[in-house]
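Whatever order the structure lists ligands and atoms in, that order sets their numbers, starting from 1.
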Amino acid sequence: MRKLWNYTVSWIGCICPITLYAMLCKKPVLKTCQEESLFFRYNCMMSKFFALIPAAGSGSRMKNNLPKQYLQLAGRPIIYYVLRTLCRSSEIASVFVVLAPGDSEWLKHDWSEFSGKLVVFDCGGATRAMSILNGLKAAPDVLSIGGDDWVLVHDAVRPCLSETQLDKLMNELTDDAVGGLLAVPLADTLKRSGASSRVERTESRKGLWQAQTPQMFRYKLLMDALSRPGSMTMTDDASAVEALGLHPKLVLSDASNLKITYPQDLILAELILRAQQKEGYGECG
Ligand code: CTP
Ligand code: MG
């Protein structure tokens, strides 16, 4: 008994201060008690990273019969570049793609290059958030994914995400209690329109950021956030997490990680991809 007591005292004396010190050194600024308790719960764990790509949209603003994720960009479908960047990351264990049920385009392409990491679901929903929630629900049937593992949700139509941006996101958030997203401070002056597209007033852009993806949250937190009423119409994952009273971290990105929404975005994305190729990020098609 005495031996056990001595052992316990020496363990508390040696290990705990080191652990506490390590925790405090890495401790980010947290806003709420809820965030504090999440930090201490997660801090000493080894969580895995997964990526989830919602790819069940139709691209209505692109005005093309083909869903925009399959449109050609520098000789390959747009989604190819997204898969390549995420599958190449040695940190990411698996990449889930969520397609629309009955998607007839996916099988027309050869994805064998990614077969080691790629898992395909055909359970897309009516909104982006529904597609993500359906993908999250399907994931544990095919792979062991823990509640504390990280999920990086990345749009199928952001093909210019660089390895540097991806690594920065994971590095800055790996010990974070809440998670966060890539984002860019707004650069343009903001006008609020009134009737007939006339300026009503100029809005301050102070403190305003444009959200991008990947958005990185722990599996259980993301499931909880997206399962709440009202979350299915939210256009990003962070909004659903914010509705839980949490404050996702904004990780500084840049405009090169653009989302292809309108036809003219294709031209810009191709220029960026070719410039990245010159810098050695990877080859185009
Ligand atoms: N998405 C999805 N399921 C939906 C709607 C969107 O998986 N029901 C995906 C898209 O495929 C895309 C990402 O969410 O990868 C971002 O959405 P967005 O740019 O809005 O794409 P679309 O919804 O396809 O385009 P639009 O809004 O112009 O119709
Ligand atoms: Mg949409």
Side-chain angles (χ1 to χ4, degrees), residues 50-73 76-87 92 94-109 111 114 118-139 151-161 165-166 169 181-184 210-217 222-223 225-227 230-241 248 253 255-270 272-273:
F50 294 89
L52 190 152
I53 307 170
S58 62
S60 54
R61 287 170 288 178
M62 187 57 86
K63 306 232 177 298
N64 193 303
N65 288 337
L66 197 61
K68 63 181 172 179
Q69 53 274 25
Y70 295 116
L71 292 178
Q72 290 285 305
L73 183 69
R76 305 267 197 181
I78 292 174
I79 192 174
Y80 168 85
Y81 300 99
V82 169
L83 291 170
R84 187 175 68 180
T85 306
L86 295 171
C87 287
I92 296 176
S94 290
V95 176
F96 305 110
V97 179
V98 183
L99 305 177
D103 179 322
S104 57
E105 191 60 27
W106 174 261
L107 288 176
K108 293 182 186 164
H109 304 272
W111 307 108
F114 308 119
L118 194 57
V119 180
V120 184
F121 299 127
D122 62 353
C123 54
T127 64
R128 178 184 183 277
M130 279 179 198
S131 298
I132 294 165
L133 182 61
N134 291 348
L136 291 174
K137 285 180 181 163
V151 180
L152 285 88
V153 179
H154 186 56
D155 293 329
V157 286
R158 285 187 191 270
C160 305
L161 170 73
Q165 288 163 337
L166 179 62
L169 180 77
L181 59 148
L182 287 181
V184 194
Q210 245 179 314
Q212 297 182 341
T213 69
Q215 305 205 347
M216 173 173 154
F217 296 101
L222 197 52
M223 277 283 277
L226 291 173
S227 302
S231 62
M232 288 300 99
T233 51
M234 289 176 178
T235 51
D236 79 346
D237 320 291
S239 312
V241 172
S253 177
S256 66
N257 182 23
L258 83 167
K259 181 163 77 77
I260 296 179
T261 306
Y262 299 104
Q264 60 270 30
D265 298 334
L266 280 167
I267 301 164
L268 189 54
E270 184 152 343
I272 295 168
L273 272 180

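Of the candidates Thr235, Asp155, Thr213, Asn134, it is Asp155 that places a heavy atom closest to atom 13 (C) of ligand 1. Of the candidates Arg128, Gln69, Met130, the one placing a heavy atom closest to atom 17 (O) of ligand 1 is Arg128. Of the listed residues (Ser60, Ala156, Gly125, Gly124), the one carrying the non-hydrogen atom nearest atom 26 (P) of ligand 1 is Ser60.
Ranking protein heavy atoms by distance to atom 27 (O) of ligand 1, first place goes to Arg61 NH2, 2.9 Å. At the shortest separation from atom 23 (O) of ligand 1 among protein heavy atoms lies Gly57 CA, 4.2 Å. In terms of protein heavy-atom proximity, atom 15 (O) of ligand 1 is nearest to Pro54 O, 2.7 Å.
Neither the backbone nor the side chain of Met62 comes within contact range of ligand 1; no heavy atom lies under 4.0 Å. Residue-level proximity to ligand 1 for Ala100 is absent, since no heavy atom of it falls below 4.0 angstrom. Heavy atoms of Ser131 found under 4.0 angstrom from ligand 1 belong exclusively to the side chain. Contact annotation: for Lys68 versus ligand 1, heavy atoms closer than 4.0 Å belong to the side chain alone.
Considering only residues two or more places apart in sequence or on other chains, Lys108 meets the salt bridge (charged side-chain N to carboxylate O under 4.0 Å, His left out) condition with Glu105. In this structure Ser131 satisfies the side chain to side chain donor-acceptor pair (under 3.5 Å) test with no other residue, sequence neighbours excluded.
Relative orientation of the Phe96 and Phe121 rings is parallel, given thresholds of 30° and 60° on the angle between their planes.
For the residue pair Gln212/Asn257, the side-chain donor-acceptor check at 3.5 Å is satisfied.
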